[in-house]
Amino acid sequence: MRELTKNDTADAAGQRAAIVNALNKAIEKLCSHAEETFGEVITDALRTIADAMNVNRIVFYRHVEVDGEDRLKQTYRWDKAINGLTEKSLDFLPNNQAIAGWLKTLRQNVSVNQQLCDWSSDELEFMNQFGIKSVFMAPIFTHGKFWGCVIFQDHINERFFSEDYAELMRSAAFLFVNAIIRAEMERETITALFEAQEANCAKSEFLSRMSHEILTPMNVIMGMTHILKMSGGSDETKKYLEEIDAASRYLLRLINDLLDISGKNNSAFTIASSVFDFNKIFREILKDVSCDVMKKRQTLNFGIDPSIPMLLFGDKKRLAQVITNLLTNASKFTPENGKIHFSAYVLSKDNETITLQIEITDNGIGIPKEKQNEIFSAFDLVDVSLTSKYSGAGLGLPISKLIVEMMGGKIWVDSEHGKGSKFTFTCKLHKRPPAVTGNS
Ligand code: ADP
């Protein structure tokens with residue numbers, strides 16, 4: 001045997017430095033794969049390591065249990081000849097004595113690394129079958145569990161990997177497996193997210209279809225109730241019809257809210273524009289809510305700024321929807337004989353647009369400070385114990401917020417628990433038909 005010379009030591013130190021350098025480069029590559037795909041990054045990092053270690057194949061085997069037996073299944077393979085990473089899903093290492101011996105060693109967190117002359121005949125058979133001259137197997141443990149191993153193969157030279165090499169190969173193997181696990185987890189997260197989004201869309205579609213189905217008979221019920229109310233009858237019958245009418249109007253609003261909320265994430269939720277008379281719209285809203293107000297013997301005062309132009313352009317139905325919702329809530333959450341005030345005035349204007357500010361004030365139950373932001377999120381009721389005597393689905397305010405924001409405005413509440421609330425919103429309307437944009 002030849003004695004180690006100074007040159008040999010210098011060579012070994014140089015090689016070690018080259019491998020450490022390659023490992024650093026690989027880490028850098030794996031940590032910054034912002035623009036390239038993960039496949040490209042890991043292939044590049046694997047090539048850097050393989051070149052530094054002078055191996056021509058790096059294979060990843062995952063540990064699996066098949067019929068109660070421990071097996072190693074090939075998951076990825078990098079080949080110098082093609083400089084590519086292949087994803088495998090079926091290749092198992094043979095279930096023979098040689099492999100069982102290696103698996104036992106690896107599971108004890110010990111690498112498999114020996115010279116060709118030390119291989120058993122079983123092991124040699126395996127090596128010859130794949131044309132392997134030298135091999136190093138690094139065990140991988142993640143979170144204290146045996147994950148599998150990474151096998152570095154040299155198909156050209158017979159050699160034994162020194163302790164220095166072995167240590168660096170183990171580090172590299174660990175680094176690669178972690179990068180692969182992270183990429184798989186990212187892939188799984190994206191798939192799960194996609195599935196959740198699909199399920200959400202399906203749910204919205206179902207909700208929308210069902211709401212449409214309920215809408216048709218609902219309109220019939222409302223129409224027939226109206227006809228019956230017009231055709232006279234005893235006071236008792238009129239009272240019952242009034243109840244049916246109020247319940248139907250509530251149900252209709254709920255169905256429309258459900259349609260809005262299910263269409264919130266798609267094109268079904270839109271803002272239209274047509275000419276309207278603000279005062280006329282307000283009178284129609286008053287007709288709609290006066291029933292509730294009168295029933296509770298509440299006072300409803302209003303003040304409308306006379307400088308609001310007679311005719312405005314915007315979505316009158318959506319604007320009416322927000323005002324109706326706020327007035328209905330004001331009546332609902334204010335006890336009998338309470339007071340409600342409505343006011344509308346011009347906040348600002350320019351040549352084309354006019355911004356209105358609308359305020360609805362009541363002296364009802366009020367809203368605790370900590371809940372005042374939450375009521376604008378879908379399905380938030382302030383406190384079931386507080387509001388249980390008032391029915392509600394918690395959809396009106398989130399939808400109002402959506403509408404107001406689509407109309408270029410804001411909505412907020414000032415309230416004192418037990419004293420009352422003031423809901424304010426702004427919205428931008430047009431003085432003349434807004435210009436049509438896009439290609440025509
Ligand atoms: P709904 O009225 O159908 O429950 P909303 O989204 O319109 O749904 O209102 C959400 C919640 O905000 C209500 O359940 C209630 O707790 C609270 N709220 C809304 N308006 C008022 C108000 N004027 N006074 C007190 N609480 C209110």
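Nothing here was measured: the structure is a model prediction, and the numbers come from that model. Sequence positions, counted from 1, serve as the residue numbers for this chain. Every number for a ligand or one of its atoms is a count from 1 in the order of the listing.
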Distance alone, cut at 3.5 Å: any donor-acceptor contact between the side chains of Q298 and S331? yes
Can K295 and E336 be counted as an ion pair, charged N to O under 4.0 angstrom? no
Contact atoms of ligand 1, heavy-atom distance to L395 under 4.0 Å: 6 (O), 8 (O)
My understanding is that we take every heavy atom of each candidate and find the minimum distance to atom 20 (N) of ligand 1. Doing that for L327, N329, I360, which one comes out nearest? N329
Could you tell me whether E243 and K239 make a salt bridge, using a distance below 4.0 angstrom between a side-chain N and a carboxylate O? no
Between T334 and ligand 1, which part of the residue brings a heavy atom under 4.0 Å of the ligand: side chain, backbone, both or neither? neither
Which atoms of ligand 1 are found less than 4.0 Å from any heavy atom of G366? 25 (C)
A student checking ligand 1 against G396 at a 4.0 Å heavy-atom cut-off should list atoms 5 (P), 6 (O), 7 (O), 8 (O)
So for G364, does at least one of its heavy atoms come nearer than 4.0 angstrom to any atom of ligand 1? no
Counting only nitrogen or oxygen atoms and a 3.5 angstrom limit, does L397 reach ligand 1? yes
Please indicate whether any nitrogen or oxygen in I367 is less than 3.5 Å from any nitrogen or oxygen in ligand 1. no
Any idea which atoms of ligand 1 are less than 4.0 Å away from a heavy-atom of I375? 11 (C), 12 (O)
Atoms of ligand 1 close to K332 [distance to a heavy atom under 4.0 angstrom, numbered from 1]: 1 (P), 2 (O), 3 (O)
Would you call K371 a ligand 1 contact, heavy-atom distance under 4.0 Å? no
Who pairs with K317 by side-chain contact (heavy atoms from CB on, under 4.5 Å), at least two apart in sequence or on another chain? D315
Exercise: do D305 and S307 side chains pair donor with acceptor under 3.5 Å: yes
So for atom CZ, which belongs to F282, do other residues, nucleotides or ligands contribute more than 12 heavy atoms lying within a distance under 6.0 Å? yes
For ligand 1, is there an atom lying under 4.0 Å from some heavy atom of F376? no
Atoms of ligand 1, numbered as shown, that sit under 4.0 Å from any heavy atom of P398: 6 (O)
Please identify which atoms of ligand 1 are closer than 4.0 Å to at least one heavy atom of N325. 7 (O)
Charged tip of K410 within 45° of W412 ring normal and under 6.0 Å: yes
Residue pair D245 / S248, side-chain donor-acceptor N/O under 3.5 Å: no
Got a sec, which residues hit side-chain hydrogen bond (donor to acceptor under 3.5 Å, both in side chains) with R57, two or more places apart in sequence or on another chain? D79
